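First comes the structure, then the notes that go with it.
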Amino acid sequence: MQDFITFFATSQIQWIVALVVIDVVLGIVAALLKKEFRLGKLANFMKKSVLGYVFGFVVLEMVSQAQPSLAFVESIAFTLIALALTGSILNNLGKMGLPLSSYLKKE
């Protein structure tokens, strides 16, 4: 069990968790400002982000340790997760009124 817990101590997981926290906080603030806050939406996002990003990445870490030839997949997945979360953060900032370039907007 201790070996499994060490997968959550990597810097990549820490970055993913930090981005998720920033995204959630900005999403809540944006929803409150627009009077669109729904607890159910927050629960769905948390389920998607925590289970999908964090636990999914931990599984990829375990696979890359078991099969070192697949280690590149871990790097690609981290990059894609970080980009997805950064895009979501930018989307939330846009909802709060920050002017964004059209290619950075979700719509």
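Remember, predicted model here, so these are calculated numbers, not experimental data. Note that the numbering runs from 1 along the sequence shown for the chain.
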For L85 and I16 the tightest heavy-atom approach is CD1-O, 3.8 Å

Just do the side chain to side chain contact (heavy atoms under 4.5 Å, CB included) check on L19 and D23 with the steps written out, would you? CA-CA 6 Å; L19 288 171; D23 192 24; over 6 Å; no

About how many Å separate CG of L70 and CG of L60, when rounded to the nearest 0.5 Å? 9.5 Å

I need the minimum non-hydrogen distance between F78 and Q12, along with the two atoms involved. CE1-O, 3.5 Å

Shortest non-hydrogen contact from M96 to L26? SD-O, 3.9 Å

What are the two closest non-hydrogen atoms of E61 and E74, and how far apart are they? CG-OE2, 3.4 Å

Nearest 0.5 angstrom please: I13 CD1 to F55 CZ, how far? 9.0 Å

If every non-hydrogen atom of A71 is compared with every non-hydrogen atom of S64, which pair is closest and at what distance? CA-CB, 3.7 Å

For S88 and A84, indicate whether the former's side chain and the latter's backbone hold a donor-acceptor pair under 3.5 Å. no

Is V20 reachable from L83 through a run of I, L, V, M, F, W or Y residues, each pair having side-chain heavy atoms under 4.5 Å apart? no

